[in-house]
Amino acid sequence: MTQIATVTGIPGPGTALVAVVRQSACAHDCGECAGCGGKPGSFTVRAETEISVSIGDKVELYSGVEILGIAALVYLAPVALFLLGYLLPSALPEGGRYLCGGLGFLLGLAGAVWYDRRVRRTGAVVYRVARKL
């Protein structure tokens with residue numbers, strides 16, 4: 001997965017701090033849309049770089065396939081656990097099945113939060129500067 005980022009700092013050789021604008025489904029062409037009026041947020045990450053970069057440079061940032069696994073966990077696990085919690089206890093009345101589904105959904109969210117904290121603590125996601133733009 002690649003994204004466009006701006007170099008905001010250089011903490012040491014071979015590393016750079018880069019600000020990445022969050023991607024969304026809309027193009028943030030608010031003058032044309034005027035739907036939400038929201039502005040995209042950004043986050044800063046540490047990236048490995050083999051090329052010489054300086055503060056203010058626009059770069060293409062690459063992250064590996066582990067991002068797809070994280071996205072699957074965050075988006076699919078709560079839905080899958082809701083469906084399992086709702087469909088498996090067929091002997092329960094409808095309200096009980098909804099309760100089991102809701103508990104499954106909350107369990108999926110808790111797992112996603114736990115994994116997010118683990119990834120942040122261990123630095124499991126590695127970002128690399130692919131090239132300067």
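Grouping the Ile, Leu, Val, Met, Phe, Trp and Tyr side chains by contacts below 4.5 angstrom, directly or via other members, places Val59 with Ile10. Cluster membership for Val45 and Val74, using ILVMFWY side-chain heavy atoms within less than 4.5 angstrom, is shared. Follow the hydrophobic side-chain contacts under 4.5 Å out from Leu76 and you never reach Val79; the two are in separate clusters.
Here the shortest heavy-atom pairing between Ala5 and Val18 reads CB-CB, 3.9 Å. Residues Pro89 and Leu84 approach most closely at CD-O, 3.9 Å, considering heavy atoms.
The CD1 atom of Ile4 sits 5.5 Å away from atom CD of Glu60, with the distance rounded to the nearest 0.5 Å. Taken to the nearest 0.5 Å, the CG atom of Asp116 stands 8.0 Å off from the CD1 atom of Ile70. Atoms OG1 and OH, from Thr2 and Tyr62 in turn, are 9.0 Å apart once rounded to the nearest 0.5 Å. Once rounded to the nearest 0.5 Å, the distance linking CZ of Arg131 with CG of Asp57 reads 13.0 Å. Interatomic distance, Lys132 NZ to Ile51 CD1, rounded to the nearest 0.5 Å: 6.5 Å.
Using a 4.5 Å cut-off on side-chain heavy atoms (C-beta onward), Leu61 and Val20 make contact.
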Under 3.5 Å, sequence neighbours excluded: what are the donor-acceptor pairs made by side chains of residues 92-111?
unit_1: Glu94; atom_1: OE2; unit_2: Tyr86; atom_2: OH; d: 2.5
unit_1: Arg97; atom_1: NE; unit_2: Tyr86; atom_2: O; d: 2.9
unit_1: Arg97; atom_1: NH2; unit_2: Tyr86; atom_2: O; d: 3.3

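In this structure, the side chain of Thr8 engages the main chain of Leu17 through a donor-acceptor pair within 3.5 Å.
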